[in-house]
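Numbers restart at 1 for each chain; the letters A, B, ... are given by sequence-line order, proteins then strands. Owing to the predicted nature of the structure, the values given are computational and were not obtained by experimental measurement.
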Amino acid sequence: MTSSIHPDRRKKLDALRELGVNPYANRYEAPRPIADVLREFAKKNPQAAPAEGDEAAAAPAESVRVEGVRVAGRVMALRDHGKSIFLELKDRTGRMQVYLRKNDIGDEAFEKLGLVDLGDFLGADGDVDKTRKGEITIFATGFTFLSKALQPIPEKWHGLRDVETRYRKRYVDLFANDEVAEAFRVRAMIIRRLRRFLDDQGFTEVETPMMHPIAGGAAARPFVTHHNTLDMQLYLRIAPELYLKRLLVGGMERVYEINRNFRNEGISTRHNPEYTMLEAYCAYADYNDLMDLVERMIVDAAEPMFGEEPKIPTPDGRTLDLSRPWRRAKYRDLFQEATGVDMNDRDAVVAYAKSIGIDVEGDRDFHAIANDVFEEKVEPDLFEPTFVYDYPVEISPLSKCREDDPSTAERFELFIRNMEMVNAFSELNDPIDQEERFRRQVDSKDEEAPAEVDYDYVTALEHGMPPAAGLGLGVDRLAMIFTNAQSIRDVILFPLLRHQASGGEPDAGSESDANEE
RNA sequence: GGGGGCAUAGCUCAGUCGGUAGAGCAACUCCCUUUUAAGGAGUAGGUCGAAGGUUCGAGCCCUUCUGCCCUCACCA
């Protein structure tokens with residue numbers, strides 16, 4: 001499927017040039033947002049507004065015109081009536097009908113109008129009024145070619161459905177399917193609200209390195225890259241954690257960062273190799289404080305769309321209730337509740353795990369087995385927002401233990417719609433303990449463990465880090481919740497797909513096998 | 001990586017029992033000065049994802065490959 005320019009469109013392009021029209025205008029003075037224009041007209045004609053579909057009541061003769069309006073946008077529909085044409089313009093704020101009559105715009109302009117295709121960008125000037133059928137319309141006195149489209153637009157009724165094409169040609173998806181653009185506006189709104197909330201709490205937004213000499217702060221396989229001048233191997237970060245905590249040492253007591261993490265792992269409806277994480281750290285707070293903060297922050301983000309007691313539809317037709325307060329349950333209690341087994345009764349847990357088909361053979365770590373059971377039996381029920389807290393320390397290598405119980409980490413995870421949304425804990429600030437844990441990680445030779453100990457980070461802790469709690473929130477997943485998305489790809493503009501050699505560009509013909517492993 | 005599914009015109013989709021390719025929209029020509037999934041008359045458009053195989057004959061059956069979707073595994 002090579003991209004070929006439609007010959008008819010190409011001909012029209014040349015025809016425009018011959019008529020002295022620049023098909024790709026350099027500048028277009030101050031078009032108004034369509035939504036503004038529609039709003040102004042509605043304001044001036046309040047009684048006409050509810051007359052939907054009622055031709056008699058519309059009383060078009062009575063309406064008050066909005067005069068001298070200019071709009072611009074992409075032509076999404078075109079109805080040719082011989083000596084007059086209706087077309088629909090779409091801009092970022094909405095769609096609006098434009099009516100162009102030969103009598104109004106003149107013979108010469110009307111001839112040029114015949115060279116308009118669906119998908120072109122056009123500007124139009126005129127007065128706004130209602131048509132006989134009651135549609136608010138610009139009765140154009142003139143129009144301007146702004147940009148010629150050489151590719152056809154998708155089918156007007158069904159839009160662009162093919163999932164692969166939607167992701168590969170997101171630019172088409174965005175203008176063809178209104179709800180797509182809307183989802184990304186929602187995403188932007190969420191991020192704006194998160195920022196505002198944290199700013200109001202006295203947090204400072206920072207930017208820390210995306211390229212790390214040591215891939216630390218989480219357990220994940222990193223992407224590897226190389227800096228030529230320094231001749232240095234670097235990793236795209238898997239988490240900003242260790243840098244943000246360095247800032248706590250430096251006295252920045254409340255910091256956050258919203259930015260990309262990169263993890264060289266599987267792709268799924270909930271995973272993209274690069275994804276957006278909010279990490280926030282707060283000195284003199286513990287994990288309980290962060291539960292409060294997270295709850296308020298997410299409900300605050302939901303407020304503009306869903307109000308203060310948010311009820312959000314989900315893809316499977318249920319309703320998610322985000323009204324505060326959210327359920328808080330101990331890991332151990334949820335385990336017991338779902339399985340009838342005490343998590344600390346090792347034999348019983350292993351027997352139970354075996355009974356539900358979990359691998360318990362060989363030298364598998366007990367806590368890994370127990371966590372498999374948890375994921376299998378508890379997580380599928382974590383639909384309503386739930387803070388799961390007090391995790392076993394063995395599966396929480398970065399958190400501080402409870403003072404009264406060294407086997408339990410001061411850590412929680414927030415689940416919403418069965419997705420892990422937040423991971424948070426009271427941060428370890430004991431440099432000696434930290435160094436030991438790093439050593440053990442490195443010695444484990446685990447593929448997801450860093451290759452070397454981050455001594456600079458240990459040294460930072462030796463300078464003294466205040467007690468603090470930190471959280472990581474998956475921003476894409478939160479956007480999924482708010483936009484009722486089934487896949488993370490629906491909230492990421494350009495999700496990672498396999499590269500396709502074909503397409504518009506002639507390939508350089510590189511059968512490249514020259515990549516090093 | 002394992003399992004399941006999908007791939008037909010620019011777009012959205014049909015395609016019967018294996019008998020040689022269809023519709024709507026878009027496009028093109030013409031008519032139409034208040035339509036709105038405008039309408040009317042006509043025209044053109046296909047290496048059925050790719051490569052092999054079975055068969056007298058393959059969009060359809062088989063094999064391999066490519067891409068995407070779902071799912072499992074790991075992660076947030």
Side-chain angles (χ1 to χ4, degrees), chain A residues 1-9 11-12 55 58 60 76-88 95-105 110 117-119 129-137 139 150-169 172 176 218-221 238-239 260-279 358-359 368 371-372 375-376 413-416 419-424 446-448 471-478 480 486-489 495 497-502:
Chain A
M1 237 166 273
T2 49
S3 103
S4 55
I5 291 173
H6 200 290
D8 295 313
R9 293 206 174 206
K11 270 183 223 153
K12 289 181 190 173
E55 281 182 53
M76 297 302 288
L78 192 155
R79 295 178 283 275
D80 185 347
H81 285 254
K83 299 200 173 50
S84 72
I85 292 181
F86 290 93
L87 47 84
E88 243 172 68
R95 290 170 186 244
M96 170 165 211
Q97 180 168 265
V98 179
Y99 184 49
L100 301 109
R101 297 197 317 162
K102 198 172 185 180
N103 285 0
D104 297 337
I105 65 173
F110 199 78
D117 284 308
L118 290 174
D129 203 344
K130 276 195 176 176
T131 61
R132 202 177 284 162
K133 294 282 174 62
E135 174 145 352
I136 302 170
T137 299
F139 290 81
L150 298 178
Q151 299 281 355
I153 65 174
E155 213 258 357
K156 64 182 167 191
W157 195 239
H158 300 94
L160 181 62
R161 286 288 173 74
D162 183 79
V163 180
E164 184 175 356
T165 311
R166 287 187 44 222
Y167 296 150
R168 288 195 190 277
K169 305 180 87 173
V172 177
R221 274 189 286 268
I238 56 173
R260 232 66 68 78
N261 286 348
F262 305 87
R263 299 192 177 179
N264 204 338
E265 291 176 348
I267 296 176
S268 80
T269 47
R270 290 174 298 280
H271 302 269
N272 195 60
E274 53 177 304
Y275 69 100
T276 301
M277 178 89 127
L278 161 64
E279 283 205 9
I358 287 169
D359 177 20
N371 201 238
D372 282 352
E375 286 174 11
E376 185 76 23
E413 290 197 354
L414 169 67
F415 288 83
I416 304 178
M419 284 191 290
E420 205 175 325
M421 196 63 60
V422 174
N423 187 14
D446 189 321
E447 277 188 60
E448 297 191 342
L471 70 89
L473 182 156
V475 173
D476 314 272
R477 288 183 177 179
L478 189 61
M480 286 172 69
Q486 191 119 38
S487 170
I488 198 167
R489 294 179 204 94
L497 298 178
R498 207 175 292 270
H499 179 64
Q500 280 192 325
S502 68

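Using a 4.0 Å heavy-atom distance criterion, Gly474(A) is classed as making no nucleic acid contact. Counting any heavy atom pair closer than 4.0 Å across all strands shown, Thr269(A) reaches sugar-phosphate atoms only and no base atom. Residue contacts shown for Leu118(A) are limited to sugar-phosphate atoms, with no base heavy atom under 4.0 Å away. Residue Asn103(A) is in base contact, counting any heavy-atom pair closer than 4.0 Å across all strands shown. Residue Asn371(A) is out of contact with every strand shown, counting any heavy-atom pair closer than 4.0 Å. Using a 4.0 Å heavy-atom cutoff across all strands shown, Glu413(A) reaches no nucleic acid atom at all. Residue contacts for Leu160(A): at a heavy-atom cut-off of 4.0 Å it reaches the sugar-phosphate backbone alone, with no base atom in range. Lys12(A) comes within 4.0 angstrom of sugar-phosphate atoms only, judged by non-hydrogen atoms across all strands, and of no base.
Nearest to the side chain of Asp117(A), among rC28(B), rU12(B), rU35(B), sits rC28(B). Set against rU36(B), rA26(B), rU12(B), the side chain of Asp162(A) has rU12(B) as its closest nucleotide. Closest to the side chain of Arg270(A), from the set rU35(B), rC72(B), rA37(B), is rC72(B). Each of rU34(B), rA73(B), rC74(B) was ranked by its minimum atom distance to the side chain of Glu376(A); first place goes to rA73(B). Comparing rA73(B), rU35(B), rU12(B) against the side chain of Ser268(A) picks out rA73(B) as the nearest. Comparing atom distances between the Pro152(A) side chain and each of rU35(B), rG10(B), rC13(B) picks out rG10(B) as nearest.
When the C1' atom is compared between rU34(B) and rC25(B), the two are found 24 Å apart, to the nearest whole Å. Atom P of rA7(B) sits at a distance of 33 Å from the matching atom of rG42(B), rounded to the whole Å. Rounded to a whole angstrom, the distance from the C1' atom of rG53(B) to that of rG67(B) is 23 Å. Taking atom P on both rU16(B) and rC6(B), the two are 14 Å apart, rounded to the nearest angstrom.
With sequence neighbours left out, Arg166(A) forms a side chain to side chain donor-acceptor pair (under 3.5 Å) with Asp173(A). Residues passing the side chain to side chain contact (heavy atoms under 4.5 Å, CB included) test with Leu497(A) are Tyr167(A), Arg168(A), sequence neighbours excluded. With sequence neighbours excluded, no residue forms a ring-ring contact (aromatic ring centres under 6.0 Å, His included) with Phe110(A). Under the rule for a side chain to side chain donor-acceptor pair (under 3.5 Å), Arg161(A) has no partner lying at least two apart in sequence or in another chain. For His81(A), the ring-ring contact (aromatic ring centres under 6.0 Å, His included) partners are Phe86(A), not counting sequence neighbours. By the salt bridge (charged side-chain N to carboxylate O under 4.0 Å, His left out) test, Arg489(A) pairs with no residue at all, sequence neighbours left out. Judged as a side chain to side chain contact (heavy atoms under 4.5 Å, CB included), and not counting sequence neighbours, the contacts of Glu413(A) are Tyr391(A), Arg411(A), Phe415(A), Glu420(A), Asn423(A). Remark: Asn272(A) pairs with no residue by the side chain to side chain donor-acceptor pair (under 3.5 Å) rule, at least two apart or across chains. Take Arg9(A) and apply the side chain to side chain donor-acceptor pair (under 3.5 Å) test, not counting sequence neighbours, and it matches no residue.
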Could you list all N or O pairs between the protein and nucleotides 1-5 of chain B that sit under 3.5 Å apart?
none

Atom pairs under 3.5 Å, N or O on each side, protein against nucleotides 64-68 of chain B: can you list them with distances?
| from | atom 1 | to | atom 2 | distance (Å) |
| --- | --- | --- | --- | --- |
| rG67(B) | OP1 | Arg498(A) | NE | 3.2 |
| rG67(B) | O3' | Arg168(A) | NH2 | 3.0 |
| rG67(B) | O2' | Glu164(A) | OE1 | 3.1 |
| rG67(B) | O2' | Glu164(A) | OE2 | 2.2 |
| rG67(B) | O2' | Gln500(A) | NE2 | 3.4 |
| rC68(B) | OP1 | Arg168(A) | NH2 | 3.4 |
| rC68(B) | OP1 | Arg498(A) | N | 2.7 |
| rC68(B) | OP2 | Arg498(A) | NE | 3.1 |
| rC68(B) | O4' | Glu164(A) | OE1 | 3.0 |

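The shortest distance between side-chain heavy atoms of Lys130(A) and Glu135(A) does not fall below 4.5 Å. At least one side-chain heavy atom of Met76(A) sits under 4.5 Å from a side-chain heavy atom of Arg95(A). Residues Tyr99(A) and Ser84(A) form a side-chain contact, since some pair of their non-hydrogen atoms from C-beta on lies under 4.5 Å apart.
As rounded to whole Å, 10 Å separates atom P of rC28(B) from atom CG of Leu78(A). The distance from atom NZ of Lys83(A) to atom P of rU34(B) is 11 Å, rounded to the nearest whole Å. Distance, Lys133(A) NZ to rG39(B) C1': 11 Å, rounded to whole Å. Put simply, CZ on Arg79(A) is 10 Å from P on rG39(B), counting in whole angstrom units. Taking atom CD on Gln151(A) and atom P on rC11(B), their separation rounds to 10 Å, with Å as the unit. Between Glu88(A) atom CD and rU36(B) atom P there is a gap of 12 Å when expressed in whole angstrom units. The distance from atom CG of Leu100(A) to atom P of rU33(B) is 15 Å, rounded to the nearest whole Å. In this structure, Asp80(A) places its CG atom 10 Å from P of rC32(B), rounding to the nearest Å.
Evaluation of atom-type donor-acceptor distances gives a pair under 3.5 Å for the side chain of Arg101(A) against the base of rU33(B). Taking only distance into account, the side chain of Gln97(A) meets the base of rU35(B) through a donor-acceptor pair shorter than 3.5 Å.
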Where do Arg101(A) and Lys83(A) land on the side chain to side chain contact (heavy atoms under 4.5 Å, CB included) test, with the steps shown first?
CA-CA 6 Å; Arg101(A) 297 197 317 162; Lys83(A) 299 200 173 50; over 6 Å; no
Please report the C-alpha distance between Ile85(A) and Arg79(A) in whole Å, then the side-chain angles of each, then the deciding distance to 0.1 Å, and finally whether the side chain to side chain contact (heavy atoms under 4.5 Å, CB included) criterion is met.
CA-CA 6 Å; Ile85(A) 292 181; Arg79(A) 295 178 283 275; over 6 Å; no
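Nucleotide rU35(B): unpaired (no Watson-Crick or G-U wobble partner with both distances less than 3.5 Å). Of all nucleotides present, only rG67(B) satisfies the Watson-Crick or G-U wobble test against rC6(B), with each distance under 3.5 Å. Look at rA27(B): its Watson-Crick or wobble partner, with both distances under 3.5 angstrom, is rU43(B).
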Go along nucleotides 40-46 of chain B 5' to 3' and tag each nucleotide: B for a protein heavy atom under 4.0 Å from its base, S when only backbone or sugar atoms are that close, - otherwise.
-------
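Each of Phe86(A) and Asp476(A) was matched to the nucleotide of RNA chain B holding its nearest heavy atom; the match closer to the 5' end belongs to Phe86(A). Comparing Arg9(A) and Glu155(A) against RNA chain B, the residue whose closest nucleotide sits nearer the 5' end is Glu155(A).
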